[in-house]
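Since the structure is predicted, the reported quantities are computational estimates derived from the model, not experimental observations.
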Amino acid sequence: MLSEKIERQVEELHVKYGIKTVPVPIEKVADQLGIVVKRAPSVDFSGLLLRKNGRAFIGINNSESSVRQRFTVAHEFGHFFLHKTQEAFVDYRKEMMEGETKSQKEREADMFAAAFIMPRSHLISDIKKITSTSILDTEILSLAKKYNVSRGAMTYRLINLGLILGK
Amino acid sequence: MSGSKQKATTTIEMASTPDVQIRGSVGKKIRRLREDRSQSAERVAQKLGISRVALTHIENGRNNINAVQLWKLACIFGCEVTEFFPPIPDGFALTHADYEKIAREDESAIDWAHKLFDEI
């Protein structure tokens, strides 16, 4: 399955770059990769990636929330590692119109980003520590804080991993 | 305004511009590393032995941080001191051809790309 392939790839990268703690230090990883991350406000765009000489430039819209910016950096990492034949990516802020679906590459980059900043093994062990019989909103919120992601992103990730039930 | 006064002002502006940029860049980096670790400004300032306002001024690039405080920050964050600084220019910058590649994805993203990367 595709998502499993991406999970595995992310786990290998975490080992390679010595990522052992959450929140995942994405800026440090960018430095390790020789990726230059720059920020500027934009009405239309959330992120962009441009490859150059085995390295890359990432642009992030800093008018968005810090958790969203983190996710976008990780999403651009996704393009960097997964879509090596394409040199430039431009990612948009706007929500999808009805009937519109994200392209395969965008969905893959989203999967990569979620796996990258909410590592599966960490989440599984965190969920095990929760003693109450059901996972409550307050617990999702505290996990979101711990991983420095939005509540929505955390909820979606937990559902995808089968750690909580979808609504 | 007298000629000599004007000259003095110009000199100060020229000398101070790069400093302001480096200070701003170090400040932003400190904020980002702190936020990456979900630590409050209050708590970090306390550990540094400065006020929260002083830390905010540093993060906004208004005030300089000294070498001792920078070393302490690296200890608090568990990072390298070099991480606070912008990269030493190494010629890794965008060329016209690079901007063209972005334009091929979406022409309307060009202005934003210039805002992002022109100063590198």
Legend entry - Contacting region of Leu48(A) [heavy-atom separation from chain B under 4.5 Å]: both
Inset, instruction - Decide side chain to side chain contact (heavy atoms under 4.5 Å, CB included) for Ile127(A) and Leu143(A); before the verdict, give the C-alpha distance in whole Å, the side-chain angles of both, and the deciding distance to 0.1 Å. - result: CA-CA 9 Å; Ile127(A) 289 288; Leu143(A) 281 175; 3.9 Å; yes
Inset, instruction - Count the heavy-atom pairs under 4.5 Å between each of Pro25(A), Gly34(A), Gly47(A) and chain B, then report the option with the highest count. - result: Gly47(A)
Legend entry - Ile26(A) portion near chain B, given a 4.5 angstrom heavy-atom threshold: both
Inset, instruction - Give a yes or no on whether a salt bridge exists between Lys129(A) and Asp126(A), defined as a side-chain N under 4.0 angstrom from a carboxylate O. - result: yes
Inset, instruction - Name the member of Val90(A), Asp44(A), Asn62(A) that forms the most heavy-atom pairs with chain B at distances under 4.5 Å. - result: Val90(A)
Legend entry - Residue part contacting chain B, namely of Ile117(A), when any heavy atom lies under 4.5 Å: neither
Inset, instruction - Give the minimum heavy-atom separation between Phe84(B) and Lys29(B), together with the two atoms involved. - result: O-CB, 3.6 Å
Inset, instruction - Would you name the heavy atoms of Arg70(A) and Pro23(A) that are closest together and state the gap between them? - result: NH2-CB, 3.7 Å
Legend entry - Atom group of Arg39(A) that falls short of 4.5 Å from chain B, counting heavy atoms: both
Legend entry - Among Lys145(A), Lys146(A), Glu87(A), residue most engaged with chain B (heavy-atom pairs, under 4.5 Å): Glu87(A)
Inset, instruction - Determine, for Lys101(B) against Asp98(B), whether the closest basic-nitrogen to carboxylate-oxygen distance falls under 4.0 angstrom. - result: yes
Inset, instruction - Side chain from CB out, backbone as N, CA, C, O: work out which of these in Thr82(B) comes under 4.5 Å of a heavy atom of chain A, or both, or neither. - result: neither
Legend entry - Leu94(B) CG to Lys52(A) NZ distance, which is reported to the nearest 0.5 Å: 6.0 Å
Legend entry - Ser121(A) OG to Glu7(A) CD distance, which is reported to the nearest 0.5 Å: 9.5 Å
Inset, instruction - Check each atom of Ser66(A) against the heavy atoms of chain B and say whether the ones under 4.5 Å are side chain, backbone, both or neither. - result: side chain
Legend entry - Structural part of Lys28(B) lying under 4.5 Å from a heavy atom of chain A: neither
Legend entry - Contacting region of Tyr147(A) [heavy-atom separation from chain B under 4.5 Å]: neither
Inset, instruction - May I ask you to decide if the ring planes of Phe116(A) and His14(A) are parallel, tilted or perpendicular, using 30° and 60° as cut-offs? - result: perpendicular
Legend entry - Contacting region of Gln69(A) [heavy-atom separation from chain B under 4.5 Å]: neither
Inset, instruction - Measure the spacing between CZ of Phe57(A) and CG of Leu116(B) and express it to the nearest 0.5 Å. - result: 11.0 Å
Inset, instruction - Report the relative orientation of the aromatic rings in His79(A) and Phe89(A); use parallel for angles under 30°, tilted for 30 to 60°, perpendicular for over 60°. - result: parallel
Inset, instruction - In sequence, state the C-alpha distance, the side-chain angles, and the governing distance for Leu123(A) and Leu158(A), and then conclude on side chain to side chain contact (heavy atoms under 4.5 Å, CB included). - result: CA-CA 8 Å; Leu123(A) 272 181; Leu158(A) 291 172; 4.1 Å; yes
Legend entry - Region of Glu27(A) in contact with chain B, defined by heavy-atom distances below 4.5 Å: both
Legend entry - Steps toward side chain to side chain contact (heavy atoms under 4.5 Å, CB included) verdict (Gln69(B), Leu73(B)): CA-CA 6 Å; Gln69(B) 289 164 338; Leu73(B) 257 190; over 6 Å; no
Legend entry - Heavy-atom contacts under 4.5 Å, residues 39-59 of chain B to chain A: none
Inset, instruction - Pick one of side chain, backbone, both or neither for Ala56(A), based on which atoms fall under 4.5 Å of a heavy atom in chain B. - result: backbone
Inset, instruction - Decide salt bridge (charged side-chain N to carboxylate O under 4.0 Å, His left out) for Glu4(A) and Arg8(A); before the verdict, give the C-alpha distance in whole Å, the side-chain angles of both, and the deciding distance to 0.1 Å. - result: CA-CA 6 Å; Glu4(A) 185 56 30; Arg8(A) 292 265 169 83; 3.4 Å; yes
